[in-house]
There are 2 protein chains.
Amino acid sequence: MEAITIKDIAKALNLSTSTVSRALRNSYEINPETKRLVMEYAEKMNYRPNPIALSLKDSKSKSIGVIIPEIANHFFSQLINGIESIAYNLGYHVVIFQSHDSYEREVANTNYLVSRKVDGLLISLASLTTNLFHFQDLMEKGLPIVFLDRVPKEIETHKVVADNFDGSYRATVHLIESGRRRIAHVTSPIYLSITTERLAGYKKALEDFDIPFDESLVKYCIYGGKVVEENEAAMEELLNLPEPPDAFFTASDRLTTGCMAVLQKRHIKIPEEIAIVGFTNISVAELLNPPLTAVVQPAMEMGQQAVELLIRLIEHPQKTGDYEIRSLQTSLILRDSSVGSKVNIKVS
Amino acid sequence: MEAITIKDIAKALNLSTSTVSRALRNSYEINPETKRLVMEYAEKMNYRPNPIALSLKDSKSKSIGVIIPEIANHFFSQLINGIESIAYNLGYHVVIFQSHDSYEREVANTNYLVSRKVDGLLISLASLTTNLFHFQDLMEKGLPIVFLDRVPKEIETHKVVADNFDGSYRATVHLIESGRRRIAHVTSPIYLSITTERLAGYKKALEDFDIPFDESLVKYCIYGGKVVEENEAAMEELLNLPEPPDAFFTASDRLTTGCMAVLQKRHIKIPEEIAIVGFTNISVAELLNPPLTAVVQPAMEMGQQAVELLIRLIEHPQKTGDYEIRSLQTSLILRDSSVGSKVNIKVS
DNA sequence: ATGAAAGCGCTAACAA
DNA sequence: TTGTTAGCGCTTTCAT
């Protein structure tokens, strides 16, 4: 009934637990015959070592913790799929938690994972996280951490990100070349890395085309579109500007769909009156009305690379420095929300 | 540096570990003064009991395992949010795994969770699962399990489902009343509970309106739309029928968007030529082209109720029988994909 | 080549 | 009221 233990095997075979352990672990000094006996019996009884006991013993768990803002978002669920596929093959389990963009939740999840002795952490920062002590502390204690997507400048470790600057630059250039001049940028809180990078790409594009940057065209949404009112308020202000925007460049799934909903409600024609480009991995972009032009991140691949780096860190602890920052290409997929005809362009 | 243990406290305060344990645990026979001392010191040193040691000791973990087909699906991610919100408040941690609809993965995940001593399991069956032994076995050993959404007939325990029959019935009636007669039903594998229930609702509606059931109008997609070709092949066959359908009733997110994509590719007008209603929780139904009529499940609530039942089971083990099957209402949201004007109807 | 014993952190039965 | 001891399952010195 209850799971069989090493002790049971020892008793059955009239051996000591240490001998059994050695046999199972394929250890050095062990009689081949004894080993065979133990192996066979263990196999027959379907013995499985108790991972909890192992964790208690050496503070390891062959599992990694993942903390992301939220699961109900295509970018993040693709990220997870990438993470899982690799981790699974390398024999690690993945424990997923959502921070719901709350600092407190992020800290609580982190503590839990650490107390459960995960071997490493994969983090995409909550938008409300400004204090990084909970991670810095762990890093100093030697816990491997890799950040992805939303990464902190202040912490030195491996990081995997999309080339946000470039994706944003291309999207903006595309809008400009399509004749837009008043391009609004609706984005996430300013203290997220993705926000500043995307903002920078946006600004650079304007600059390259000699369009003056207008602060009033940029809206930072603390809740990233999760609070409908916030999003609507931002849209409201933009649309009521003396010189309203002729295009929207939105920085996330929620922000994008939120904006589209508002435009639709107001019966504003897309793209005739206002064009829209979203930085989003939403799966049904093609089916939207109109089909949505999007900057798509290689989410799956980002997840894969991040775990690879993490597991490398776990299995071959580095002394110091020499951390990688991998920046992956995004793709700009052109659709009707910003142009008439459909074209796919791989951004380099 | 390293986490502080009960032993450290004992040493520092010149007590035995058991006394410290008792003080912390607020146990009976304990000198208030001693207790205060211990508490204070523990607080000061930021003592946290090691959950692994606790799990090893009493084979409990204050955590519950969740296995669902996939995360990248709004229905399931909402389910998870419901689960987490309640579990969190009741002091349980939630460990999420995806089966990716594979039987092997489901078994592997189950074994892992059990070996990690989760206190209970919340399961939505993989579409390729036909053998239920891995769950039956655990139930016999007394591990609390609650099923939700995709539930097995053969296992007696708490179950939480949407009223699939009713939702499906209403959707079909709606299509019939809108003048459709050749209603195709594109659905998941037949051995899933949701499939048979939805099929039954569909049939009943036809029957009530004296429309003969036509087997050739029903397509079962083994991969539930995850394999594009399968979906397209099904559509192909349906559209090439001597008497092709004038409406589609699709049973999941993927199936729905897949169908829409095919119709769009073929330039078939929705709803003029073919109407479509999806059994889906997709978040952007309103923004699709055309806006999609949908049967929406109360996913969040289903998750909440399921954990509640599970935790009740964990904390107050029942001897036998007397299990609940909760069936929650769905909502039929009418939009342009099946009608001209927009109306919301709460299905009873 | 094998066994005895200690220890990972904690709790609980038993002594004192 | 407090301390001692054993044990959860496993690995790993240290003896033998």
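In the text below, chain A, chain B and the rest are named by the order of the sequence lines, each starting its count at 1.
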**Student:** Ignoring hydrogens, what is the shortest heavy-atom contact between B:Lys7 and B:Thr17? Give both atom names and the distance.
**Tutor:** CA-CG2, 4.0 Å

**Student:** Do B:Arg105 and B:Thr110 have side-chain N/O donor and acceptor atoms under 3.5 Å apart?
**Tutor:** no

**Student:** Could you check whether B:Ile52 gets within reach of a base, just the sugar-phosphate, or nothing at all, counting any heavy atom under 4.0 Å?
**Tutor:** nothing

**Student:** Please find out if less than 6.0 Å separates the ring center of A:Tyr47 from that of A:Tyr41.
**Tutor:** no

**Student:** Treating primed atoms plus P, OP1 and OP2 as sugar-phosphate and everything else as base, which nucleotides of nucleotides 6-16 of chain C get B, S or - for protein heavy atoms under 4.0 Å?
**Tutor:** -BBBBBBB---

**Student:** Is the distance between the ring centroids of B:His134 and B:Tyr103 less than 6.0 Å?
**Tutor:** yes

**Student:** Using a heavy-atom cut-off of 4.0 Å across all strands, would you classify B:Thr34 as base, sugar-phosphate, or nothing?
**Tutor:** sugar-phosphate

**Student:** What residues, two or more places apart in sequence or in another chain, satisfy side chain to side chain donor-acceptor pair (under 3.5 Å) together with B:Asp101?
**Tutor:** B:Ser127, B:Arg150, B:Lys226

**Student:** Do you see a donor-acceptor pair shorter than 3.5 Å between the side chains of B:Asn46 and B:Arg48?
**Tutor:** yes

**Student:** Does the side chain of B:Ser21 pick up a donor-acceptor pair with the side chain of B:Ser18 at under 3.5 Å?
**Tutor:** no

**Student:** Does the separation of the ring centres of A:Phe135 and A:Phe147 fall below 6.0 angstrom?
**Tutor:** yes

**Student:** Reading DNA chain D from 5' to 3', where do the contacts with chain A start and stop? Cut-off is 4.0 Å to heavy atoms.
**Tutor:** D:dC8 to D:dT13

